[in-house]
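The figures that follow rest on heavy atoms only: side chains count, while hydrogens, waters and symmetry mates do not. Here the structure is a predicted model, which means the values were calculated and not measured. We count ligands from 1, going down the list as the structure has it; atoms in each ligand are counted the same way.
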Amino acid sequence: MNETTETATRKRALSCIQPSGALTLGNYLGALKNWVQMQDDFDCIYSVADLHTITVRQEPAKFRAQIYSTCALLLAIGLDPARSILFVQSDVPAHAQLSWVLGCYTQFGEMSRMTQFKDKSARHAENVNVGLFSYPVLMAADILLYQADFVPVGADQKQHLEIARDIAVRFNGLYGDVFTVPEPYIPTTGASVKSLQDPTKKMSKSDENPNAWIALLDTPEDIMRKCKRAVTDSQARVCIGEGKDGVNNLIGIYSALTGRTPAQIEAEFDGQGYGVFKQRVGEAIVEALRPIRERYADYIADKAELEAIYRAGAERAAKIAGRTLGKAMRKIGFAF
Ligand code: AMP
Ligand code: TRP
């Protein structure tokens with residue numbers, strides 16, 4: 001999105017990801033791969049949403065390492081700072097500022113209905129903090145500051161995007177057109193990757209069983225081992241079918257990585273058992289992640305360069321965000 005390539009016709013897309021731990025194959029195939037592709041069609045703004053992460057208590061050194069690591073991974077998968085704006089949320093103070101303002105235009109009742117808040121506060125009864133409650137307001141600020149047209153999000157974030165839209169419509173109703181009302185962007189491709197140990201659940205890094213998920217930075221040995229142990233069924237036939245959640249999932253992964261259709265995959269493994277199939281799926285994952293791991297190693301080895309990239313992104317982001325924040329505050333009456 002630099003000044004020479006920016007065109008008035010391109011729509012703006014924005015998304016953020018929390019630096020809350022190892023990113024998984026599920027994050028990659030379900031969301032991040034799509035972020036990379038969107039760079040061809042949209043002006044993209046991507047952020048590491050570190051302010052969101054402290055709704056859960058973090059160990060400082062580990063948290064800092066995860067922020068760096070997430071930044072390096074986003075570059076390693078192919079987000080391109082020459083085309084897109086990449087930055088760390090806490091580097092742009094306007095997020096916290098607009099979040100306060102928008103919080104005063106959001107009702108306690110509507111926040112109380114958020115299913116993620118209800119889930120998380122039930123699961124972490126010992127730390128139901130106000131940040132966890134008002135988290136969707138910060139997310140609305142992330143989006144509205146950049147006048148984003150489209151926000152690629154997974155199903156779990158749709159309700160939060162709805163709130164961002166409601167807040168934008170309400171604010172615009174009071175003060176005129178200040179914010180672009182964002183649309184969800186649901187990619188046509190993009191897999192929902194399931195746990196390798198319980199394929200009825202989605203693959204998640206918070207699963208206690210590490211064999212259930214593959215991290216983008218897992219070693220080839222780990223990946224092969226986890227694939228070999230993946231839960232399947234007793235039919236020994238590689239095909240899509242009911243009651244074959246494990247095999248369906250592996251076919252989905254293999255399809256997303258190789259571009260082959262499920263029918264082609266069924267033909268490829270016709271007459272062969274699960275041993276060969278799991279081996280081949282494992283190899284496809286290893287090969288897909290190998291260049292990511294290699295590029296990651298380069299980026300993480302040069303912290304100064306990594307920081308320079310993200311600071312430059314934050315400067316560009318701050319200009320756009322500052323314009324929106326200023327406009328919103330002046331409309332309210334602040335002498336800003
Ligand atoms: P999370 O890791 O749950 O914070 O999710 C970050 C992004 O990755 C969201 O857009 C999710 O929808 C997506 N995502 C996470 N896990 C999976 C999965 N197993 N399959 C597909 N997409 C996923
Ligand atoms: N809440 C999102 C998640 O947990 C991350 C996020 C923060 C986000 N701000 C955002 C996503 C703005 C899209 C747009 O996955």
Side-chain angles (χ1 to χ4, degrees), residues 12-36 38 44-56 66 70 73-74 77 85 87-90 92 94-96 98-99 102 114-117 119-120 131-132 134-165 167-168 179-180 182-187 189-207 212-216 245 248-250 252-253 256-257 317 321:
R12 182 171 287 163
L14 173 138
S15 201
C16 311
I17 190 149
Q18 290 198 45
S20 51
L23 292 174
T24 68
L25 186 66
N27 293 128
Y28 181 60
L29 295 179
L32 298 175
K33 202 162 164 244
N34 187 49
W35 289 18
V36 177
M38 287 182 81
C44 294
I45 302 181
Y46 296 124
S47 174
V48 173
D50 57 347
L51 293 174
H52 280 88
T53 307
I54 64 163
T55 55
V56 175
Q66 275 172 196
T70 307
L73 251 179
L74 293 183
I77 62 165
I85 295 180
F87 70 103
V88 178
Q89 184 188 31
S90 63
V92 179
H95 292 248
L98 186 66
S99 178
L102 296 182
M114 295 291 107
T115 54
Q116 185 172 315
F117 172 71
D119 284 358
K120 288 202 176 169
L132 190 65
S134 60
Y135 170 119
V137 179
L138 178 59
M139 181 162 158
D142 297 340
I143 298 166
L144 302 182
L145 276 174
Y146 298 94
Q147 311 289 358
D149 299 292
F150 291 105
V151 181
V153 281
D156 57 332
Q157 297 297 319
K158 268 202 177 143
Q159 198 182 27
H160 295 162
L161 186 60
E162 262 319 300
I163 280 288
R165 288 171 52 87
I167 295 172
F179 299 122
T180 301
E183 300 281 342
Y185 181 84
I186 311 297
T189 57
S192 169
V193 180
K194 307 295 183 202
S195 155
L196 298 180
Q197 292 297 315
D198 175 0
T200 58
K201 290 194 317 199
K202 81 169 196 176
M203 180 183 284
S204 165
K205 64 200 166 211
S206 51
D207 202 311
W213 48 279
I214 290 175
L216 294 185
D245 295 318
N248 295 346
N249 185 39
L250 294 176
I253 293 172
L257 293 173

Where ligand 1 meets [X] - atom numbers and elements under 4.0 angstrom, heavy-atom basis:
{"X": "S192", "answer": "20 (N), 21 (C)"}
{"X": "G154", "answer": "10 (O), 12 (O)"}
{"X": "K202", "answer": "3 (O), 15 (C), 16 (N), 19 (N)"}
{"X": "D156", "answer": "12 (O)"}
{"X": "G30", "answer": "21 (C), 22 (N)"}

K205 near ligand 1 by a heavy-atom separation under 4.0 Å: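 Yes, K205 has heavy atoms under 4.0 Å from ligand 1.
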
Nearest non-hydrogen protein atom, atom 5 (O) of ligand 1: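 Residue, atom and distance for the closest contact: N27 ND2, 3.4 Å.
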
Identity and distance of the protein heavy atom lying nearest atom 22 (N) of ligand 1: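 Going by distance alone, atom 22 (N) of ligand 1 is nearest to G26 O, 3.2 Å.
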
Atom pair [atom1]/[atom2] of [X] and [Y] - distance to nearest 0.5 Å:
{"X": "I253", "Y": "M203", "atom1": "CD1", "atom2": "CE", "value": "5.0 Å"}
{"X": "L25", "Y": "K33", "atom1": "CG", "atom2": "NZ", "value": "10.0 Å"}
{"X": "I143", "Y": "L98", "atom1": "CD1", "atom2": "CG", "value": "11.0 Å"}
{"X": "S192", "Y": "N249", "atom1": "OG", "atom2": "CG", "value": "8.0 Å"}

Residues in salt bridge (Lys or Arg N to Asp or Glu O under 4.0 Å) contact with D149, at least two apart in sequence or another chain: none

Shell of residues surrounding ligand 2, defined by a 4.0 angstrom heavy-atom cut-off that is strict: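 Residues near ligand 2: L14, S15, C16, Q18, A49, H52, Y135, M139, D142, I143, V151, V153, Q157.
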
Do ligand 1 and [X] have nitrogen or oxygen atoms that lie under 3.5 Å from each other?
{"X": "I17", "result": "no"}
{"X": "V193", "result": "yes"}
{"X": "A155", "result": "no"}

Polar contact flag, side-chain donor to acceptor under 3.5 angstrom, Q116-D156: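 No donor-acceptor contact under 3.5 Å links the two side chains.
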
Distance-only polar pair, side chains of T53 and D50, donor-acceptor under 3.5 Å: no

Test log, rule side-chain hydrogen bond (donor to acceptor under 3.5 Å, both in side chains), inputs D207 and S204: CA-CA 6 Å; D207 202 311; S204 165; over 6 Å; no

Backbone N/O of A13 and side chain of Y185: donor-acceptor pair under 3.5 Å: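 Checked: no pair found.
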
Parallel, tilted or perpendicular, as decided by the 30° and 60° cut-offs, for the rings of Y135 and H160: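 Tilted.
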
Evaluation steps, side-chain contact (heavy atoms from CB on, under 4.5 Å), between Y46 and I17: CA-CA 8 Å; Y46 296 124; I17 190 149; over 6 Å; no

